[in-house]
Structure formats: structure tokens, C-alpha cells
Colleague: 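I am attaching a structure below and will ask some questions about it afterwards.
Source: prediction; values computed, not measured. Start at 1 and go down the list; that is how both ligands and their atoms are numbered.
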Amino acid sequence: MSQLARVKISALGTYVPPRVLSNADLEKMVETSNDWILERTGIRERHLADKGVASSDLAVEAAKRALAQRGIPATDLEVILIATVTPDMLFPSTACLVQHKLGANGAWGFDLSAACSAFLYALQTGAQYVATGMHKKVMVIGSDVMSSIIDYTDRATCVIFGDGAGAVILEPAEEDEVGLIDYVHEVDGSGAQSLYMPGGGSLHPSTRETVEKKMHYVHQDGQAVFKFAVRKQTELCEKLLKRNNLKGCDLDAFIPHQANRRIIMATADRLGLRPESLIINIDRYGNTTAGTIPLAMGTAIEEGKLKKGSLVMLASVGAGFTVGATLLRWAY
Ligand code: UT7
């Protein structure tokens with residue numbers, strides 16, 4: 001834990017593709033309404049990638065912005081970790097594709113699969129490399145093109161998801177007052193079938209039948225995920241706050257995975273957060289899976305809520321189930 005405190009996020013870059021799919025657009029595609037979507041999820045619009053644009057493309061755009069902010073070339077990167085459930089292909093890893101497109105010739109890397117918690121898991125994985133002294137510049141990217149695995153005739157899922165990416169650079173923190181402080185992660189595989197994509201893996205390799213049965217799309221038991229999300233996200237955040245002698249009201253910014261506005265509000269209520277600390281941008285982007293937390297960090301910066309020393313909690317729940325919470329002090 002003490003080593004992790006010496007690792008900081010030194011830069012952030014985000015990217016969403018320009019095309020917007022509004023609730024009004026969805027009303028023309030499936031039997032739904034702007035009122036239903038807004039009331040049940042908090043989403044107004046989401047950005048979708050054009051055909052042929054993959055997770056690596058979004059990741060590269062986000063990465064370039066993070067590098068530009070930090071003022072370093074891609075060749076300075078030593079490790080690239082990509083959090084995604086929509087890799088360009090099963091192999092090679094999207095990390096390899098991003099390394100090549102960026103010209104990050106000194107970097108090795110790999111993809112990390114943990115659905116909506118993947119960005120937090122990758123963040124902590126990257127932090128270990130920096131904390132041990134093995135590496136000084138690690139890039140962690142959450143990138144998903146969810147539109148590539150969504151059935152746009154299924155109103156229960158197609159209104160929720162969007163495409164987007166965010167990248168951070170991890171480096172040793174020179175000052176003790178800033179950087180990653182602590183984290184809690186949990187998985188509960190008993191929830192595997194509440195949110196999953198059954199086809200295309202070694203269990204159900206792609207066949208005409210898997211396509212006809214729509215097994216290459218996201219399948220979700222929304223209510224089961226909702227209940228688990230509120231309960232577990234709150235539980236992990238409370239645990240993390242308690243063991244660091246903090247209360248919800250001490251946080252300057254609470255940056256949760258953006259899956260549903262009602263999940264975020266329920267968690268915020270239970271944690272006793274100050275309303276101004278809550279970061280919500282689901283209205284603009286929907287659920288971009290591994291992209292939500294870095295995109296929401298970007299929103300927090302836009303809103304002037306992240307300053308050097310700000311106390312921040314990141315939280316996520318996703319398919320698996322996977323759950324995570326990270327505590328840090330913003331470094332710039
Ligand atoms: O990051 C991934 C993690 N995923 C999540 O966190 C998702 C968590 N779950 C949710 O966000 C919510 O469960 C949903 C937004 C997916 C669904 O909201 P809900 O309030 O749980 O709705 P429901 O599934 O209980 O459905 C209520 C009604 C149903 O109609 P009947 O059976 O009551 O007649 C649905 O068929 O709403 C209907 N419905 C819709 N109506 C209009 C479902 N989707 C839609 C829709 N438009 N898009």
C-alpha cells in the first residue's frame with residue numbers, strides 16, 4: 001500500500017467518435033421513448049464509431065492526447081495496458097496494435113479483460129509496475145466500441161451503450177501528498193450469466209448457428225445487475241473509506257462507472273457524498289464500458305473538480321461480476 005501511494009496519474013487524454021446517436025434516433029429504431037431512456041438510465045445521447053473504426057483507433061486518439069498533455073513522445077512509454085471487452089480481434093492483443101500505431105517502440109503491453117471494471121484493474125496493474133521500480137512510464141487505456149457487440153433491435157440493451165476511450169499515464173510520484181492511495185477489488189463469478197456475450201469464444205466458437213441465435217451480442221439481466229451494482233459498489237467504497245479513516249463527505253470527487261444514473265445516485269446517497277463531488281456524464285456518452293471512468297475524469301477536469309491534491313474515489317461494477325474502488329489524490 002505504501003508503495004502504491006508513490007504512483008501518480010500524470011496525464012489524461014479522452015476521445016469519443018464524432019457520430020452521435022440520440023434518444024430521438026433510437027425512437028425510430030426500436031419501440032422506446034426519450035422519456036423512458038432518460039428516466040430509467042439518465043442517458044440523452046451516446047457516441048458511436050463508424051464502421052471500420054475499432055477500439056485500437058479510439059485508444060490511439062486518447063493516448064495521443066495524454067502524451068501531448070504530458071509533453072512526451074510515445075517512445076518514452078514502457079508499458080501499454082488496454083482495458084477492453086471489444087478488442088479489435090481475439091489476437092493479437094489491441095495493446096500490440098496500439099503500440100504499433102502510436103510508434104511506441106520501447107513499450108511492451110497486453111490487454112486486460114474485466115468488463116466495466118477493467119480500467120480500474122488495469123490502473124492498479126500498471127501501478128504495480130511503477131511501484132516496484134520496474135517501469136517509470138506506464139500507459140493505461142480503457143477503450144470500447146460497444147456498438148460492435150450490441151443488437152440494435154434489442155431495446156433493453158441498445159439504448160444503454162456507447163463507444164469511447166480514455167488514457168492515463170502512470171509515473172512515480174515525487175511528492176507524498178499526491179498519487180494512488182489504496183484500492184479494493186472483488187470478483188463474483190456466480191453472476192457470470194447476468195451480463196455476458198456467449199458466442200465467439202472457445203465454448204461457442206462462431207458458427208452460422210451462433211450468429212442466428214444472436215450469441216455475438218451483449219445479453220443482460222438488467223435488474224440482477226442493477227441490484228448487485230448498488231449493493232456491492234457501496235460495500236467496496238465503504239470498506240475503502242473506512243480503512244483509510246475517511247467518510248464519503250471527505251471526497252472532493254466521486255468518479256463512478258457510468259452504467260445508470262440511478263445506480264450512481266443510489267450509491268452516492270448511501271455513501272453520504274456531497275452532491276458537488278459527484279461526477280456524472282452518462283447523459284452525454286451512455287455506458288462506454290472500460291471508457292467510462294477516464295471519460296468521467298475528463299468531465300471532472302472540465303467542471304474544475306480535479307485540482308492538485310483533490311481526494312478522489314473511482315468505483316466500478318461490471319460483467320463477471322467484477323467490482324473495484326480506488327482512492328487517490330489528484331496529482332496536477
Ligand atoms: O456496465 C454494465 C452494467 N450494467 C448495468 O449496470 C445495467 C443495470 N441495469 C439497468 O441499468 C436497468 O435494469 C435497465 C436500464 C437495463 C432497465 O431498467 P429497469 O428499470 O430495470 O427496467 P426493466 O428491465 O425492469 O423493464 C421495465 C419495463 C419492461 O416492460 P414490462 O415488462 O414492464 O412491460 C421492459 O420491457 O421496461 C421495458 N423496457 C423498455 N421500455 C422502453 C426495457 N427497455 C426499454 C426501452 N424502452 N428501451
Side-chain angles (χ1 to χ4, degrees), residues 21-46 83-86 113-122 142-166 186-197 217-237 255-268 280-283 285-296 314-325:
L21 184 74
S22 67
N23 290 351
D25 295 328
L26 281 161
E27 283 178 352
K28 293 178 205 139
M29 295 161 63
V30 288
E31 201 183 328
T32 191
S33 67
N34 175 53
D35 288 350
W36 191 95
I37 302 171
L38 206 50
E39 190 192 315
R40 308 307 292 171
T41 71
I43 303 168
R44 291 178 191 278
E45 59 186 34
R46 63 295 284 144
T84 187
V85 286
T86 52
S113 171
C116 300
S117 299
F119 181 79
L120 289 194
Y121 288 15
S143 183
D144 270 307
V145 176
M146 293 306 293
S147 59
S148 65
I149 55 168
I150 293 298
D151 175 4
Y152 283 94
T153 65
D154 174 16
R155 68 176 183 175
T157 51
C158 75
V159 303
I160 299 170
F161 293 95
D163 303 337
E186 266 186 35
V187 303
D188 179 356
S190 70
Q193 303 225 333
S194 296
L195 180 51
Y196 71 135
M197 189 177 85
Y217 290 130
V218 170
H219 293 250
Q220 171 170 264
D221 176 349
Q223 289 199 2
V225 180
F226 191 101
K227 285 180 196 152
F228 181 87
V230 173
R231 182 170 61 80
K232 263 295 168 181
Q233 187 165 262
T234 308
E235 193 182 304
L236 259 64
C237 290
I255 305 181
H257 170 53
Q258 312 280 312
N260 185 315
R261 192 174 202 280
R262 289 184 295 137
I263 294 176
I264 299 172
M265 296 313 289
T267 309
I280 302 183
N281 65 8
I282 192 170
D283 51 324
Y285 303 126
N287 181 348
T288 57
T289 303
T292 63
I293 290 180
L295 281 170
L314 315 174
S316 68
V317 182
F321 292 118
T322 56
V323 199

Colleague: Taking all non-hydrogen atoms of both residues, which atom of Tyr121 and which atom of Ala114 are closest, and how far apart?
Modeller: CD2-CB, 3.5 Å

Colleague: Not counting sequence neighbours, which residues clear side-chain contact (heavy atoms from CB on, under 4.5 Å) with Ala266? List them please.
Modeller: Val230

Colleague: Assess the residue pair Asp144 and Thr86 against the criterion (side-chain hydrogen bond (donor to acceptor under 3.5 Å, both in side chains)); give the C-alpha distance rounded to whole Å, side-chain angles, the decisive distance to 0.1 Å, and a yes or no.
Modeller: CA-CA 5 Å; Asp144 270 307; Thr86 52; 2.6 Å; yes

Colleague: Which protein residues have a heavy atom under 4.0 Å from ligand 1?
Modeller: Glu31, Thr32, Trp36, Arg40, Thr41, Cys116, Arg155, Ala156, Val159, Ile160, Leu195, Gln220, Gly222, Gln223, Val225, Phe226, His257, Ala259, Asn260, Arg262, Ile263, Asn287

Colleague: Salt bridge (charged side-chain N to carboxylate O under 4.0 Å, His left out) with Glu186: which residues, sequence neighbours excluded?
Modeller: Lys232

Colleague: Phe228: what forms a ring-ring contact (aromatic ring centres under 6.0 Å, His included) with it, not counting sequence neighbours?
Modeller: Phe321

Colleague: Would one find more than 12 heavy atoms of other residues, nucleotides or ligands at under 6.0 Å from atom CZ of Arg262?
Modeller: yes

